[in-house]
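This report concerns only the one structure given below.
Note on naming: letters A, B, ... go to the chains in the order of the sequence lines (proteins, then strands), and numbering restarts at 1 for each one.
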Amino acid sequence: MHQTLLAWYRQQGRQLPWRETRDPYAIWISEIMLQQTQVKTVLPYYQRWLQLFPTVYDLAAADQQTVLKAWEGLGYYARARNLHKAAQVIVAQHQGQFPEQFEDVVALPGIGRTTAGGILSAAFNQPVPILDGNVKRVLARLIALRQPPSKALDQLWQLSTALVPPREARDFNQALMDLGATVCTRHRPACLICPWRSPCAAYNQNVQLEIPMTETRAPLPHKQIGVAVVWNEQRQILIDRRPQSGLLGGLWEFPGGKIEPGEAVEDCIRRELQEELAIDVEVGDRLITIDHTYTHFKVTLNVFHCRHIGGKPQPIECDEVRWVAVSDLEQFPFPKANGQIIEAIKEIAVS
DNA sequence: CACTCGTGGGG
DNA sequence: TCCCCAAGAGT
C-alpha cells in the first residue's frame, strides 16, 4: 500500500513551496493557511507572509494589526490571531525553537490533531497520522464508508494511524493529501489513474461517487444590515475595531447593525450608531448595496452616507473607534465585504 | 458536541 | 441562483 502510493507521489506529486523547506516555522505557516483553504488561494499569501515575518521572532514581535493586515482576505481570522499568540508562546516557552513533542505542538493555539501531525511529519518525518478533508475522502472511499466521515472519526483516525509508514511519513502524508486533491476528488474522481484503485472498496463496488456521504444543512438565514459611512467636518470617516472574539474579530469595519423587522434602514442606522457609539448622525444618500455570504448566514449591507451631528464616538460595543482620512483606510485590516465599501468611497472621493 | 468561524470556486 | 466544498480548530 505505501509503496504504490509513494511511487505515484514521486512522479505525480505537486511541487509546492512549503515542500522545498524543512523549516518547521514555514511549514507551520503553510499548514495554518491551508486549513479550509485551497492551495491556489494560499500561495500568494504564503510568499508575502514569509517576506514580512521570516522567522518566529519577527512574527512574535509584530503588532496584531500588522498580522491581521497580512491575513486580510484569507478568512477565518482566528487563525491569524492564534498564529500570532502561538509565536509568542514559542519564543517565551520554547526558546524560539518549534517544539517537536506532539503534546507541546497540539497545546499551541490554532493547532489541532491534524495540523500537529502535518507539521511533525513534514518538518521532522515523524510517523504521526493526519486526517484532513482530503484524507477523510480518500480513506472513506478506500473502505467504502457507509456513513458521513464526521460519524466515524475514530475509525478513520485508526486507519490513518495504521497506514503511516515508520520511516517515510513525510512523503506518505503529503502523498495522501495530493491523491485527494488531484485524483480522488469529490467530483469526477480519476479512478483509472489512481494508484489505490485495486484495493479501493468504493471503486470495486462502483460507489465512489456516493462516498463520502454528506449530511444536509439547513438553509442559511439572511440578515439585512444598515451600514454607515459617517463623515465629519474634516472629511474623515468613522471606523471601529471589532471585539477580539467572534466573527471577524480584531478587524475594522464601518459601523452599523441589523435592521429590525419593519424598520427603515435610516432608522436602523441612527439607532445603531446611538447604541454602539453614542453619536447622532444625519443619514444621507445610499452609497452601495453589497450581498455577501458567510459560512452560516447571508447578509445584505445597505451602506449610506451619513453626516456627524454630535457626540464624541465611544467604543461601547467595539474595542476602538477612530476618525480616518480616505487615503488612510488601506492601512487597516477590513473584512472582504467592507473592501467594496472602500472602493466605492474612493470613487466618490476622486470625482 | 453541535455550533461558530471567511472566502473563492465549481457544478 | 444556489448549494457544496476546500490541508480544521475552538468552545
Salt bridge flag under 4.0 Å for residues [X] and [Y]:
X        : Y        : result
A:Lys258 : A:Glu276 : no
A:Glu275 : A:Arg271 : yes
A:Glu31  : A:Arg79  : no
A:Arg137 : A:Asp132 : no

Requested in this report: Compare side-chain N and O positions of A:Arg188 against OP1 and OP2 of B:dG10 and report whether any pair is under 4.0 Å apart.
Outcome: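 No, A:Arg188 has no side-chain N/O under 4.0 Å of OP1/OP2 on B:dG10.
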
Query raised in the report: Are A:Ser30 and C:dA7 close enough that a side-chain N or O sits under 4.0 Å from OP1 or OP2?
Result: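 Indeed not, no polar side-chain atom of A:Ser30 lies that close.
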
Requested in this report: Report yes or no: is the cationic atom of A:Arg113 (NZ for Lys, CZ for Arg) under 6.0 Å from the centre of the six-membered ring of A:Trp157, at an angle within 45° of the ring normal?
Outcome: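 Flagged: A:Arg113 positioned over aromatic ring of A:Trp157.
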
[X] near the nucleic acid: base, sugar-phosphate alone, or nothing, with a heavy-atom cut-off under 4.0 Å?
X        : answer
A:Ile111 : sugar-phosphate
A:Val135 : nothing
A:Gly118 : nothing
A:Trp18  : base
A:Leu16  : base

Any protein N or O atoms within reach of nucleotides 2-4 of chain C? Criterion: under 3.5 Å, listing atom names and distances.
from: C:dC3; atom 1: OP2; to: A:Lys298; atom 2: NZ; distance (Å): 3.4

Query - Reported CE-to-OG1 distance for the pair A:Met177 and A:Thr114, which is rounded to 0.5 angstrom - result: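 These two atoms lie 9.0 Å from each other.
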
What protein N or O atoms touch nucleotides 3-6 of chain B N or O atoms at under 3.5 angstrom, if any, and at what distances?
from: B:dC5; atom 1: OP1; to: A:Leu247; atom 2: N; distance (Å): 3.3
from: B:dG6; atom 1: OP1; to: A:Tyr76; atom 2: N; distance (Å): 3.4
from: B:dG6; atom 1: OP1; to: A:Tyr77; atom 2: N; distance (Å): 2.8
from: B:dG6; atom 1: OP2; to: A:Leu248; atom 2: N; distance (Å): 2.4
from: B:dG6; atom 1: O4'; to: A:Tyr76; atom 2: N; distance (Å): 2.9
from: B:dG6; atom 1: N7; to: A:Tyr76; atom 2: OH; distance (Å): 3.2
from: B:dG6; atom 1: N7; to: A:Thr295; atom 2: OG1; distance (Å): 2.5
from: B:dG6; atom 1: O6; to: A:Tyr76; atom 2: OH; distance (Å): 3.0
from: B:dG6; atom 1: N1; to: A:Gln36; atom 2: O; distance (Å): 3.2
from: B:dG6; atom 1: N2; to: A:Gln36; atom 2: O; distance (Å): 3.4
from: B:dG6; atom 1: N2; to: A:Thr37; atom 2: OG1; distance (Å): 3.1
from: B:dG6; atom 1: N2; to: A:Leu74; atom 2: O; distance (Å): 3.4

Query raised in the report: What residues in residues 145-156 of chain A put a non-hydrogen atom under 4.0 Å from any atom of DNA chain C?
Result: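 Residues of residues 145-156 of chain A that come under 4.0 Å of DNA chain C do not exist, since none gets that close.
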
Query - Ring-ring centroid check A:Tyr294 A:His292, cutoff 6.0 Å - result: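 Yes - the distance between ring centres of A:Tyr294 and A:His292 falls below the 6.0 Å cut-off.
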
Query raised in the report: Of A:Leu277, A:Val324, A:Leu273, which is the lone residue that meets side-chain contact (heavy atoms from CB on, under 4.5 Å) with A:Leu238?
Result: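 In the set A:Leu277, A:Val324, A:Leu273, the residue that makes a side-chain contact (heavy atoms from CB on, under 4.5 Å) with A:Leu238 is A:Leu277.
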
